[in-house]
Amino acid sequence: MGKILDGASIATEIKKEVAEEVKLLAEKGIRPGLAAVLVGNVAASEIYVRSKVKTCAELGLFSEMLTPPESITTAEMLALVTALNAREDIDGILLQLPLPAHVDAKLLLDAVSPEKDVDGFHPVNAGRLQAGRPALAPCTPAGVIEILKRSGIPIAGQRAVIVGRSDIVGKPAAMLLLHENATITICHSKTRDLAAVTREADILIAAIGRPGFITPEMVKPGATVIDVGINRITDRAEFEKFFAGDAKREETFSKRGSTIVGDVHPKAFEVAGAYTPVPGGVGPLTIAMLMSNTVRAARMRRGL
Ligand code: NDP
């Protein structure tokens, strides 16, 4: 069994550092502020946004939660984003995804001022990231890099294979790893003989959105495996496929009727040299990096 890379502890460490920075900024009369926009009543999104707002309070950041109704139009959302762009007390704006289907999500994400784009989704930030300029990088892949670095996993010269090419995870993860001097390969649903490619990885990043997709034979023995996936499973047969014989998981599953599995099959972790568990691996880093990005945005906007 590989070594567990403890994302939860790393996230705690980063949040402590952010709180220290917030204190230093307070001495200059600056309080970084985050505006979180949650449209409609999506239960999962509400849980995410509430925990982001709660973490702001814990670390001393200002935060505001805006909750327009599901019926909001693109024009009204645009007016809301424009107002937030102009506010001096707001350094970071996050539009919790998914937005309702009837609003133009791309137009709205592009309307967020790149200086306040703490999710790192704006094309200007994507371009800056690619060009190796100072940028607000997407939180989840930025968190992956923190896990690797703070766990002492070498990146330079390593062969990194990323499965998934989304703008939120796969692509920015590849760019960040490239800037750390890894040799990168990006795989996707059209990749031929995927297992042959993933088996070459010293660092394998799974960001696919399919439960347990990466199986043991797809992992080079001793590789570092980073599992970004978060998949809720409720089906007993599927549960057995991944967790048969795991008493702790059995307890959670029996109690809640569901459990979370990553994009990597738990058996594949046995082949790895080190790996991020799900839950408790990459997940906790996302909020920590959002806090870090908000403080960074506050500093950058003031030329500090
Ligand atoms: P997307 O659905 O946007 O992208 C999935 C990617 O996986 C696509 O590039 C797709 O390829 C690729 N893919 C799908 N099927 C296959 C296949 N059979 N073989 C190879 N590649 C395949 O997902 P996200 O990037 O948004 O998220 C990925 C996972 O990470 C999800 O489980 C999500 O829940 C999780 N996540 C976790 C976060 C966290 O905080 N830990 C934050 C964000 C996401 P193609 O482009 O060809 O379709």
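Hydrogens, waters and symmetry mates play no part in the numbers below; they use all other heavy atoms, side chains included. Whatever order the structure lists ligands and atoms in, that order sets their numbers, starting from 1. Quick note: residue numbers are just sequence positions, from 1. The model shown is predicted, which means the values in this text are computed figures rather than measured ones.
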Run down the list Ser166, Gly170, Gly7 and name the one with the heavy atom closest to atom 25 (O) of ligand 1.
->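 Comparing heavy atoms across Ser166, Gly170, Gly7, the nearest one to atom 25 (O) of ligand 1 lies in Ser166.
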Could you find the nearest protein heavy atom to [atom] and give me its residue, atom name and distance?
| atom | value |
| --- | --- |
| atom 48 (O) of ligand 1 | Ser189 OG, 3.6 Å |
| atom 31 (C) of ligand 1 | Gly209 CA, 3.5 Å |
| atom 40 (O) of ligand 1 | Thr286 OG1, 2.8 Å |
| atom 33 (C) of ligand 1 | Ile230 N, 4.2 Å |
| atom 15 (N) of ligand 1 | Arg210 NE, 3.3 Å |
| atom 42 (C) of ligand 1 | Thr140 OG1, 3.2 Å |
| atom 2 (O) of ligand 1 | Ile208 O, 4.3 Å |
| atom 19 (N) of ligand 1 | Phe213 CZ, 3.5 Å |

Under 3.5 Å: N/O of Arg165 near N/O of ligand 1 =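 Yes, Arg165 has an N/O under 3.5 Å of an N/O on ligand 1.
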Is the shortest N/O to N/O distance between Leu194 and ligand 1 below 3.5 Å?
-> no
Ligand 1 contact by Gly283, heavy-atom criterion under 4.0 angstrom =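 Under 4.0 Å: yes for Gly283.
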Does a salt bridge link [X] with [Y], judged by any charged N lying under 4.0 Å from a carboxylate O?
| X | Y | value |
| --- | --- | --- |
| Glu251 | Lys248 | no |
| Lys116 | Asp91 | no |
| Glu27 | Lys23 | no |
| Arg302 | Glu115 | no |
| Glu217 | Arg199 | no |
| Arg150 | Glu13 | yes |

Near [X], which atoms of ligand 1 are under 4.0 Å from a heavy atom of that residue?
| X | result |
| --- | --- |
| Asn231 | 32 (O) |
| Gly164 | 6 (C), 7 (O), 9 (O) |
| Asp263 | 29 (C), 32 (O) |
| Val169 | 25 (O), 43 (C), 44 (C) |

[Y] versus [X], side-chain donor and acceptor atoms under 3.5 Å:
| X | Y | result |
| --- | --- | --- |
| Gln130 | Lys171 | no |
| Ser254 | Glu250 | yes |
| Glu76 | Thr73 | yes |
| Arg249 | Thr259 | yes |

Would you please name every residue forming a side chain to side chain donor-acceptor pair (under 3.5 Å) with Arg296, sequence neighbours left out?
->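 Expected list: none.
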Answer side chain, backbone, both or neither: which part of Leu285 comes under 4.0 Å from ligand 1, heavy atoms only.
-> neither
